[in-house]
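Written out below as structure tokens is the structure these notes cover.
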Amino acid sequence: MSKQVKVKLKTTIQQPNEEPEIYELWSSGTFIEKGEHSYLKYEEIQDQQVIKTTVKMGSSQGLIFRSGAVNMRLPFLIGADQTGNYESEFGTLNVKTNTRQMTFELNDDQGHFLVQYELIVGGQPVGEYTLEFNYTEVSP
């Protein structure tokens with residue numbers, strides 16, 4: 001099953017001894033249910049280049065996969081370090097996520113997915129991230 005949705009992503013980045021950075025992104029996308037898994041797919045434009053994003057949502061496990069101008073695989077599992085990667089024109093970085101909190105709520109025509117994690121690059125923590133996805137079905 002697939003539905004057309006409006007997506008709002010709020011990203012909060014907290015680095016030690018600094019004010020939080022907050023970003024918001026609005027996009028149109030598709031919500032897909034396959035078996036036990038729910039996915040959110042959307043595109044964003046960054047520096048006039050397209051980035052395709054797929055978010056696999058769950059209450060204890062998730063994944064963000066981006067391709068295009070940026071290639072990234074960021075896995076989440078509550079209570080466990082997960083290894084992913086981030087690839088740009090400068091090369092590939094191995095990254096780790098330590099997921100602190102994850103919630104996934106699904107209603108008839110809208111949903112909410114929140115993941116809070118520590119991002120570790122090269123063995124060093126680079127910040128606490130909170131990603132909050134809200135999506136609402138739009139009429140065709």
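In this chain, numbering begins with 1 at the start of the sequence shown. Just so we're clear, the structure is a prediction, and the values are computed from it rather than from any experiment.
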ask   = side chain to side chain contact (heavy atoms under 4.5 Å, CB included) between Q14 and E21: does it pass, once the steps are laid out?
value = CA-CA 7 Å; Q14 179 68 60; E21 297 173 50; over 6 Å; no

inquiry  = Show, in sequence, the C-alpha distance, side-chain angles and deciding distance for T53 and E43, and conclude whether the side chain to side chain contact (heavy atoms under 4.5 Å, CB included) test is met.
reply    = CA-CA 6 Å; T53 302; E43 290 184 358; over 6 Å; no

query = Run the side chain to side chain contact (heavy atoms under 4.5 Å, CB included) check on K8 and E24 step by step: do they pass?
reply = CA-CA 7 Å; K8 177 187 176 192; E24 284 192 358; 3.6 Å; yes

request  = Could you go through the side chain to side chain contact (heavy atoms under 4.5 Å, CB included) check for V95 and L119 one step at a time?
outcome  = CA-CA 7 Å; V95 298; L119 184 63; 4.1 Å; yes

request  = Determine, step by step, whether E87 and R73 satisfy the salt bridge (Lys or Arg N to Asp or Glu O under 4.0 Å) criterion, reporting the C-alpha distance in whole Å, the side-chain angles of both residues, the deciding distance to 0.1 Å, and the verdict.
outcome  = CA-CA 9 Å; E87 185 183 314; R73 184 181 173 281; over 6 Å; no

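No single ILVMFWY cluster, assembled from side-chain heavy atoms under 4.5 Å apart, contains both F133 and L77. Hydrophobic clustering (ILVMFWY, side-chain heavy atoms < 4.5 Å, transitive): F65 and V5 are in distinct clusters. A continuous path of Ile, Leu, Val, Met, Phe, Trp and Tyr side chains, each step under 4.5 Å between heavy atoms, connects Y129 with V121, placing both in one hydrophobic cluster. Cluster annotation: V55 is connected to I78 through the hydrophobic network of ILVMFWY side chains, with a link wherever side-chain heavy atoms come within less than 4.5 Å. By the criterion of side-chain heavy atoms lying less than 4.5 angstrom apart, applied directly or through intervening Ile, Leu, Val, Met, Phe, Trp or Tyr residues, F76 is not grouped with L63; the two fall into different hydrophobic clusters.
Taking 4.5 Å as the limit, some side-chain heavy atom of Q101 sits within range of a side-chain heavy atom of L114. Side-chain contact between Y23 and L9: absent, with no pair of heavy atoms (C-beta onward) separated by less than 4.5 Å. Here the side chains of I120 and E118 are in contact, with some heavy-atom distance below 4.5 Å. Contact of the I22 side chain with the K10 side chain is registered, since non-hydrogen atoms from C-beta on lie closer than 4.5 Å.
A donor-acceptor contact under 3.5 angstrom links the side chains of D81 and N98, judged on distance only.
Scanning both residues, A69 and I51, for their nearest heavy atoms gives CB-CG1, 3.9 Å. Across P75 and G84, no two heavy atoms sit closer than the pair CD-CA, 3.8 Å. The two residues E44 and L25 come nearest to each other via the heavy atoms OE2-CD2, 3.9 Å. When all heavy atoms are compared, the tightest approach of T30 to Q4 is OG1-NE2, 3.6 Å. Closest non-hydrogen pair, G58 versus F104, comes out as O-CB, 3.4 Å. Residues Y117 and T99 share a closest heavy-atom pair of CB-CA, 3.9 Å.
Listed for the Q15 side chain is no donor-acceptor partner under 3.5 Å among the backbone atoms of E19.
Interatomic distance, NZ of K3 versus CD of Q110, reported as 10.0 Å (0.5 Å rounding). Annotation: the span from T103 atom OG1 to M57 atom CE amounts to 11.5 Å, rounded to 0.5 Å. Considering CD1 of I64 and OG1 of T97, their distance stands at 9.5 Å, rounded to 0.5 Å. Taking NZ of K6 as the reference point, atom CG of N134 lies at 12.5 Å (rounded to 0.5 Å). Between atom NZ of residue K41 and atom OG of residue S27 there is a gap of 13.5 Å, rounded to the nearest 0.5 Å. Taking CG of L106 as the reference point, atom NE2 of H112 lies at 12.5 Å (rounded to 0.5 Å).
N107 CG: more than 12 foreign heavy atoms inside a 6.0 Å radius.
Taking the six-membered ring for Trp and thresholds of 30 and 60 degrees, F31 and Y135 have nearly parallel ring planes, at less than 30 degrees apart.
In the hydrophobic clustering, where aliphatic and aromatic side chains (Ile, Leu, Val, Met, Phe, Trp, Tyr) are joined below 4.5 Å either directly or transitively, Y39 groups with I32.
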